[in-house]
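Heads up, the thing below is written out as structure tokens.
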Amino acid sequence: MEEKKNTAENSVEKKSKNFIYEIIDEDLKNNKWGGKEICTRFPPEPNGYLHIGHAKSICLNYGIARDYKGKFNLRFDDTNPEKEEQEYVDSIIEDVRWLGADFRNKILYASDYFEQMYRWAVELIKKGKAYVCDLSADEIRATRGTLTEPGKESPYRNRSVEENLDLFERMRKGEFANGTKTLRAKIDMASPNFNLRDPIMYRIVQAEHHRQGNKWCIFPTYDWAHGNEDSIEGITHSICTLEFENHRPLYDWFLDELGVYHPQQIEFARLNLSYTVMSKRKLLQLVKENYVDGWDDPRMPTVCGYRRRGYTPEAIRNFAEIIGVAKRDALSDISLIEFAIRDDLNKRTQRAMAVLKPLKIVITNYEGEEELEAVNNPEDATAGTRKVQFTKELYIEQSDFMENPPKGYHRLVPGGEVRLRYAYIIKCEEVIKNDKDEVVELHCTYDPDTRSGTGTSTKKVKGTIHWVSAKHAIDAEVRLYDRLFTVENPGAEENWLEKINPNSLEIIENAKVEPFLKNAKPLDKYQFERNGYFCVDTKYTTNEKLVFNRTVTLKDSWAQK
RNA sequence: UGCCGGGUCGUCUAAUGGCAGGACAGCGGCCUUUGGAGCCGUAUGUGGAGGUUCGAAUCCUCCCCCGGCAGCCA
């Protein structure tokens, strides 16, 4: 089999390279990997659903493999049976695939390497570099030292190799209770880096593993397992987030002591997005305590939440490009991802007219019915046109009429004129109110010379509003979303749950939409003109009821004033 | 307090001793049958103090600020 060579000539062309690409270019130039292909990986623990921060990591890792014509692995870091579940494995696979990261349909598991890691642990014991420790969790904590003081050596630190071998084997056999023994690396209890103060390699956990069942009762810790996993898979660049920076010396120590293939770990700053939280623990709490409607609630920053909300993989990938990759802590503004989805949806979505909060109008001088032509997508000529039915009785948006408008209001006012999109210019002749003084209906007249596209009138009006025919429109439920939290960085708040936005979801039960939308399928995306981008909901849409989620509003330079 | 890492427009991110640039957000204008989109224009930034240099965001010194680390989580 021919080996794929990776050399400096393979250095990728990119407008602006992040520091990781710079490192890889340099590695290639120096032939650091001896021609081996670049290999990256995404190593999630299956203990929750993926969020947009994971998406950033996936785009980074997969992007590198793609750009350098290397390999990208999807590997589950399933070393803690107490927190991991098959449900999470399944959702993660679906999300990674949806994002478009190609893992060649090979799903890897750290748990498949347990036997190899066990043998390596035995090797370290034989070298006198690891020992079985009988200290309890509390005792280990108490002897670890503090930021300014060294730790104390375990009384079990100098057991003989034979005794350690025997004890470790019996740990594996299940002879000892949870927490009664650990295998520790023998490094340096006085190291200023806590990770080197005789870190734990194995702990006893009598729990069923989602894939291994009860085969194992000792499980490798992250510190021991992670570098080994990368080594086994021949990863060249082990990219992870900043909090693992202090672990790198340990990861290096293990691999060097073992004398095995040694990947390079590079750390980057995790994504933080304004007005939301990103920690798995917090997201889990929002779900478990029903603050949201599941992991895929459209307000959640999860990948499945964005999907249900109407985001596209393209937009998420582009967002990852926009925010870039660096080492400084950052809080990216929500407007960055909103730009990405608007930019994508603007080019691809079919337009439709939908009246969210209907106000009935009667065109008193119009009789009969006609079909008018509407453009499906002004950004895409190939999208063609469609017919919309025009009749005497229409619905317009309540907000498109004001009795006492502020300065600069371009829409309908008493005695004023406005254009109905793709139809005629109308004039408001009479305002009908109920006994509570609320506007319930408008009587208007239309100007027959002003039909869209005829050019028979030179009349100009400032505003154009959308509408639907009362007789033809169909009902739909529309869900409007706002940011989940009221503060920019809720994760930094002590009582972050109190910062949940009470108005993050508004349900409109009876919006009126164009009849062609009756065939819309879950996840179909539209622009409702002047209202924003909407997507058919996957959870509440039934044969009888259409439910639309608002993905994002249109930019609105009037609403801001 | 010990160790590690980091500070560039409001936000994100470039500039690797040689004009501080881009994107988003903002503002102004043009255009427009979506107050959308598009187009044009515009303001705003190198944490501080010294030093090296013809020249410093970049190199050196000191200071300040922010983040991470004392799980048998990852």
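Naming convention: chains lettered A, B, ... in sequence-line order (proteins, then strands); numbering from 1 in each chain. Small disclaimer: the values here were computed from a predicted structure and weren't measured.
- Residue A:Trp558 and nucleotide B:G35 are classified as a stacked aromatic pair, their ring centres being separated by less than 5.5 Å at an interplanar angle below 30°.
- A:Ser399 and A:Glu397 share no side-chain donor-acceptor pair at under 3.5 Å.
- Contacts of A:Val325 with the nucleic acid, taken as non-hydrogen atoms under 4.0 Å apart, involve only primed sugar atoms and P, OP1 or OP2.
- In this entry the distance linking CG of A:Leu196 with C1' of B:C4 reads 12 Å, nearest Å.
- Between A:Tyr366 and A:Tyr424, the angle of the ring planes lies from 30° to 60°, which puts this pair in the tilted group.
- Using C1' as the reference atom, B:U61 and B:U52 are 11 Å apart when rounded to the nearest Å.
- Within 4.0 Å of A:Arg197, counting heavy atoms only, lies no atom of the nucleic acid at all.
- Figure legend. B:G38 is base-paired to B:C30; pairs are counted as Watson-Crick or G-U wobble with both atom distances under 3.5 Å.
- As rounded to whole Å, 17 Å separates atom P of B:G68 from atom CZ of A:Phe268.
- The nearest whole Å value for the distance from the CG atom in A:Asn489 to the C1' atom in B:C66 is 13 Å.
- The two residues A:Leu196 and A:Ile187 come nearest to each other via the heavy atoms O-CB, 3.3 Å.
- Sequence order on RNA chain B of the closest nucleotides to A:Arg451 and A:Asn246 puts A:Arg451 first from the 5' end.
- Pair check for B:C12 finds B:G22; Watson-Crick or G-U wobble, both atom distances under 3.5 Å.
- For the OP1/OP2 pair of B:C72 and a distance below 4.0 Å, the side-chain nitrogens and oxygens of A:Arg144 include at least one atom meeting the criterion.
- With its ring centre under 5.5 Å from that of the base six-membered ring and a plane angle below 30°, A:His410 counts as stacked on B:G35.
- Considering only the side chain of A:Phe194, B:G2 comes nearest among B:C24, B:C12, B:G2.
- Remark: B:A49 base-pairs with B:U61; criterion is Watson-Crick or G-U wobble with both hydrogen-bond distances under 3.5 Å.
- In terms of heavy-atom proximity, A:Asn377 sits nearest to A:Ala383 at CB-CB, 3.8 Å.
- Among the heavy atoms of the strands lying under 4.0 Å from A:Thr146 is at least one base atom, whether or not backbone atoms are also near.
- A close approach under 4.0 Å does not occur between any side-chain nitrogen or oxygen of A:Ser136 and OP1 or OP2 of B:C72.
- Residue A:Arg141 has no polar side-chain atom (N or O) positioned under 4.0 Å from OP1 or OP2 of B:C72.
- In this structure, A:Lys327 and A:Asp333 both approach RNA chain B, and ranking their closest nucleotides by distance from the 5' end singles out A:Lys327.
- A:His51 pairs by the ring-ring contact (aromatic ring centres under 6.0 Å, His included) definition with A:His54, not counting sequence neighbours.
- One interatomic measurement links the two molecules: CZ of A:Arg421 to C1' of B:G35, which rounds to 12 Å at whole-angstrom precision.
- Residue A:Gly453 is classed as a base contact, given a heavy-atom separation below 4.0 Å to a base.
- Note on A:Ile323: only backbone sugar-phosphate atoms sit closer than 4.0 angstrom, heavy atoms only; bases stay farther off.
- Between A:Phe516 and A:Arg351 the shortest heavy-atom distance is CZ-O, 4.0 Å.
- The shortest distance between the side-chain N/O atoms of A:Arg281 and the OP1/OP2 oxygens of B:C73 is not below 4.0 Å.
- Pairing partner, B:C69: B:G2, with both Watson-Crick or wobble hydrogen-bond distances short of 3.5 Å.
- In this model, no side-chain donor or acceptor of A:Arg328 finds a partner on the base of B:G5 within 3.5 Å.
- The phosphate of B:C73 has OP1 or OP2 within less than 4.0 Å of a side-chain N or O from A:Arg203.
- In summary, the side chains of A:Tyr21 and A:Asp67 do present a donor paired with an acceptor at a separation below 3.5 Å, with no hydrogens or angles considered.
- In this structure, A:Glu245 atom CD and B:C3 atom P are separated by 16 Å, rounded to whole Å.
- Dashed line: the shortest gap from a side-chain N or O of A:Arg530 to OP1 or OP2 of B:G35 is under 4.0 Å.
- In terms of phosphate contacts, A:Ser557 brings a side-chain nitrogen or oxygen within less than 4.0 Å of OP1 or OP2 of B:G36.
- Separating the CG atom of A:Leu271 from the C1' atom of B:C24 is a distance of 15 Å, rounded to the nearest angstrom.
- A:Glu379 contributes a side-chain N or O that forms a donor-acceptor pair with the base of B:G36 under 3.5 Å.
- Here the P atom of nucleotide B:U34 and the OH atom of A:Tyr526 are 22 Å apart, to the nearest Å.
- Between the P atom of B:C3 and the CG atom of A:Asn195 lies a distance of 16 Å, rounded to the nearest Å.
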